[in-house]
2 protein chains.
Amino acid sequence: MNFQQLRIIREAVRRDFNLTEVASVLATSQSGVSKHIRDIEDELGAEIFLRRGKRLLGLTKAGQTIMGYVETILTDAGNIKRLAEELRAADQGALALATTHTQARYALPSVISGFRKAFPQVRLALHQTSPTEITSMLLDGRADIGIATEALALHPDLVTFPYYTWHHAVVVAKGHPLEGHAQPLSLQDIAAYPIITYHAGFTGRPMIDRTFEAAGIKPDIVMAAMDADVIKAYVGLGLGIGLLAAMSVDAARETGLSLLRADHLFAENTSYIALRRGRFQRGFACRFIALCRPDLSEAHIRKSVQPPS
Amino acid sequence: MNFQQLRIIREAVRRDFNLTEVASVLATSQSGVSKHIRDIEDELGAEIFLRRGKRLLGLTKAGQTIMGYVETILTDAGNIKRLAEELRAADQGALALATTHTQARYALPSVISGFRKAFPQVRLALHQTSPTEITSMLLDGRADIGIATEALALHPDLVTFPYYTWHHAVVVAKGHPLEGHAQPLSLQDIAAYPIITYHAGFTGRPMIDRTFEAAGIKPDIVMAAMDADVIKAYVGLGLGIGLLAAMSVDAARETGLSLLRADHLFAENTSYIALRRGRFQRGFACRFIALCRPDLSEAHIRKSVQPPS
DNA sequence: AAAGCTTACGAGAGCCGTAACCATA
DNA sequence: TATGGTTACGGCTCTCGTAAGCTTT
């Protein structure tokens with residue numbers, strides 16, 4: 001058994017059992033990949049992969065159990081390398097963030113500029129995607145830190161820290177009837193108009209749906225976008241009223257739009273910072289988190305991430 | 001980085017940094033060991049070992065941190081091998097027990113004979129040692145299952161299951177004054193005579209000491225043995241009265257000795273079954289435990305041992 | 001002087017990649 | 001027929017072990 005064999009097994013699962021693809025990702029030959037798989041299966045005396053003829057289709061029962069161990073072995077091997085780098089050059093390296101539009105656009109800019117000033121030598125990559133993809137990037141190591149409102153807190157292999165809380169708000173075009181309407185608004189007031197809000201699974205959308213449903217109201221959602229900028233643009237065009245995260249509307253800068261409070265209608269949302277459990281985090285990664293949550297120390301973060309024992 | 005390098009690092013720590021010894025344990029050449037260490041230190045760009053001149057003396061700070069990861073990697077590699085063996089031949093393999101005299105002599109015989117009948121093909125090794133050595137054998141993989149009263153429940157890397165509870169009892173030579181004394185005995189009654197009991201750290205001795213101390217009594221312990229047989233022999237010779245685990249005296253079989261109850265004087269003791277956290281246990285190991293504790297299923301044992309994630 | 005680590009070097013095993021071949025969709 | 005996997009084989013690297021040399025106690 002060697003590390004290359006384990007890398008191949010892991011990658012085979014990730015690449016949906018296409019060994020040609022595995023070979024190219026691991027920068028080696030496809031025949032070598034084949035041979036390594038045969039070798040380790042021989043050594044263990046058990047089949048890891050299900051096959052139909054020559055094609056690999058999935059994992060055997062044995063393979064599934066083995067995979068858990070393979071993952072931790074490779075994670076720990078990575079931890080050793082990262083730890084060594086940390087000792088060699090604490091202020092150099094790469095940090096991959098995975099986050100949603102809302103965070104990237106409204107919450108993180110100040111944090112990121114502070115971080116760049118503190119660690120100019122760290123190559124910072126910001127990946128903007130969906131919450132589920134953020135989860136997947138954290139799990140397979142493509143991202144170090146994930147930041148989002150949805151999905152992250154649920155997975156047992158992710159460790160999460162609350163980042164900040166926020167509320168939804170209503171945005172209408174200047175001159176819209178709701179602007180003059182008695183405040184605070186009710187759910188009925190809002191549901192009287194076509195609504196533009198987030199896509200399913202983004203930025204508190206699940207909570208919006210639950211709120212309307214609990215009130216027995218069926219809102220007319222005419223458009224679902226992945227980010228606030230798109231929502232605002234169409235609100236400006238008069239397509240409907242916007243329902244979005246309050247922090248994404250800067251009253252001073254928006255022209256032609258009015259912000260109406262809705263704190264009392266929709267429950268508070270919490271955005272989370274997430275890390276992969278069992279993964280050693282570089283010092284600057286901890287510092288990044290501390291820029292978001294100044295009360296979290298490097299030691300505390302490392303300890304939260306560590307499995308027991 | 002490869003597995004041999006990691007094995008060498010781990011073994012270097014265990015063998016007190018004597019590379020010659022490491023080489024012989026790992027059945028390789030000493031020069032190879034040296035080179036592997038240099039190689040991995042070069043690869044990581046950090047020293048793992050403290051040196052004075054050419055001699056290795058200990059781990060650097062970096063080395064200490066790395067060691068944790070090295071241990072889990074090698075444990076998981078072992079888990080994969082054990083799991084594969086399980087699939088290949090569920091009823092064959094080796095099971096190493098580490099236990100104290102008390103357990104080996106009085107609690108386990110029936111369990112072990114039952115196990116041998118159920119798994120005649122499993123090579124069963126029974127190591128009789130001290131509780132601290134049992135802990136160490138579990139931690140470094142020389143033993144699969146540990147059984148003892150002391151020490152095991154404390155270590156965070158061990159998972160323990162209560163096995164059974166028992167009390168201490170007093171044993172005196174036939175015709176000894178205590179035999180005719182009013183029962184039940186008091187601590188003072190006992191402390192009036194020279195006492196023979198277990199060595200420090202064995203079979204409830206810590207609890208005995210605490211009990212006397214709490215009562216403000218200083219017992220006259222004239223002899224401390226590691227097992228009940230020795231204690232009984234010297235009680236028979238009239239050296240003093242014995243204070244030992246009740247189950248180690250079979251009234252029917254002992255000649256020349258009387259057993260006097262002491263349940264009311266000393267707190268109940270619990271003997272534990274211990275496993276290494278994170279180590280995959282063979283099916284027959286789980287069955288062995290089930291012979292001790294029929295309510296523990298294979299699935300339950302495996303789950304208890306598994307770190308989260 | 002003995003024990004312990006490093007360096008040098010030759011033999012061999014294991015890994016990799018090309019190419020031809022076979023199987024599946 | 002295109003995609004994907006296996007087998008065969010030569011080259012090469014990496015690992016191992018012997019032996020000699022150097023350090024430390």
Side-chain angles (χ1 to χ4, degrees), chain A residues 1-60 62-63 67 70 73-74 77 80-81, chain B residues 1-60 62-63 66-67 70 73-74 77 80-81 84:
Chain A
M1 187 187 323
N2 62 41
F3 281 103
Q4 180 71 340
Q5 289 167 346
L6 301 184
R7 272 191 294 269
I8 286 171
I9 291 176
R10 175 174 69 173
E11 214 55 38
V13 174
R14 290 189 183 166
R15 305 285 154 185
D16 211 29
F17 310 101
N18 181 329
L19 300 193
T20 306
E21 210 175 322
V22 169
S24 93
V25 169
L26 296 181
T28 183
S29 69
Q30 186 269 355
S31 77
V33 168
S34 253
K35 184 142 195 318
H36 268 310
I37 288 178
R38 227 176 47 85
D39 285 350
I40 191 168
E41 286 186 330
D42 285 354
E43 182 184 336
L44 296 179
E47 303 248 302
I48 295 172
F49 295 99
L50 290 170
R51 295 167 163 86
R52 167 150 60 234
K54 294 189 168 184
R55 301 284 168 109
L56 304 201
L57 294 177
L59 289 170
T60 60
M67 271 307 295
V70 171
I73 288 175
L74 293 175
I80 290 176
K81 292 203 187 104
Chain B
M1 186 188 322
N2 61 41
F3 281 102
Q4 180 72 337
Q5 290 166 346
L6 301 184
R7 272 191 294 268
I8 286 171
I9 291 176
R10 175 174 70 173
E11 214 55 38
V13 173
R14 291 189 182 166
R15 305 284 155 185
D16 210 29
F17 310 102
N18 181 329
L19 301 192
T20 307
E21 212 175 305
V22 169
S24 90
V25 169
L26 296 181
T28 183
S29 70
Q30 186 270 353
S31 76
V33 169
S34 254
K35 183 144 196 318
H36 267 311
I37 288 178
R38 227 176 49 82
D39 286 349
I40 191 168
E41 284 186 329
D42 285 354
E43 182 183 336
L44 296 179
E47 304 247 304
I48 295 171
F49 294 100
L50 291 170
R51 296 167 163 84
R52 167 149 61 233
K54 295 190 168 184
R55 302 283 167 109
L56 304 202
L57 295 176
L59 289 170
T60 59
I66 286 175
M67 271 307 295
V70 171
I73 289 176
L74 293 175
I80 291 176
K81 291 199 188 107

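Order of the sequence lines fixes the chain letters, A, B, ..., with proteins taken first and strands second; residue numbering starts at 1 for each chain. When reading the values below, keep in mind they use all heavy atoms of this one structure, side chains included, and skip hydrogens, waters and symmetry mates. Because the structure is predicted, anything quoted here is derived from the model rather than measured.
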Measure [atom1]/[X] against [atom2]/[N] and give the value in whole Å, please.
| X | N | atom1 | atom2 | answer |
| --- | --- | --- | --- | --- |
| A:Asp16 | D:dG4 | CG | C1' | 13 Å |
| B:Phe3 | D:dT15 | CZ | P | 14 Å |
| A:Leu26 | C:dC15 | CG | P | 15 Å |
| A:Ile8 | D:dG4 | CD1 | P | 17 Å |
| B:Gln4 | C:dG14 | CD | P | 13 Å |
| A:Asp39 | D:dT6 | CG | C1' | 13 Å |
| B:Gln5 | D:dT15 | CD | C1' | 10 Å |

*According to the interplanar angle, ranging from 0 to 90°, do the rings of A:Phe3 and B:Phe3 count as parallel (below 30°), tilted (30 to 60°) or perpendicular (above 60°)?*
parallel

Hey, are the side chains of [X] and [Y] touching, using non-hydrogen atoms and a 4.5 Å cut-off?
| X | Y | value |
| --- | --- | --- |
| A:Leu57 | A:Arg51 | no |
| A:Leu74 | B:Ile73 | no |
| A:Asn2 | A:His36 | yes |
| A:Glu43 | B:Lys81 | yes |

_Base versus backbone protein contacts along nucleotides 3-8 of chain C [heavy-atom cut-off under 4.0 Å; B, S, -]_ = BSBBBB

_With a 4.0 Å cutoff (strictly under), does any side-chain N or O of A:His36 reach OP1 or OP2 of C:dG14?_
no

*Ignoring backbone atoms, test whether B:Asn2 places a side-chain nitrogen or oxygen under 4.0 Å from the OP1 or OP2 oxygen of D:dC14.*
no

_Side chain A:Thr60, main chain A:Leu50, donor-acceptor under 3.5 Å_ = no

*For DNA chain C, whose closest nucleotide is more 5', that of A:Thr28 or that of A:Gly53?*
A:Thr28

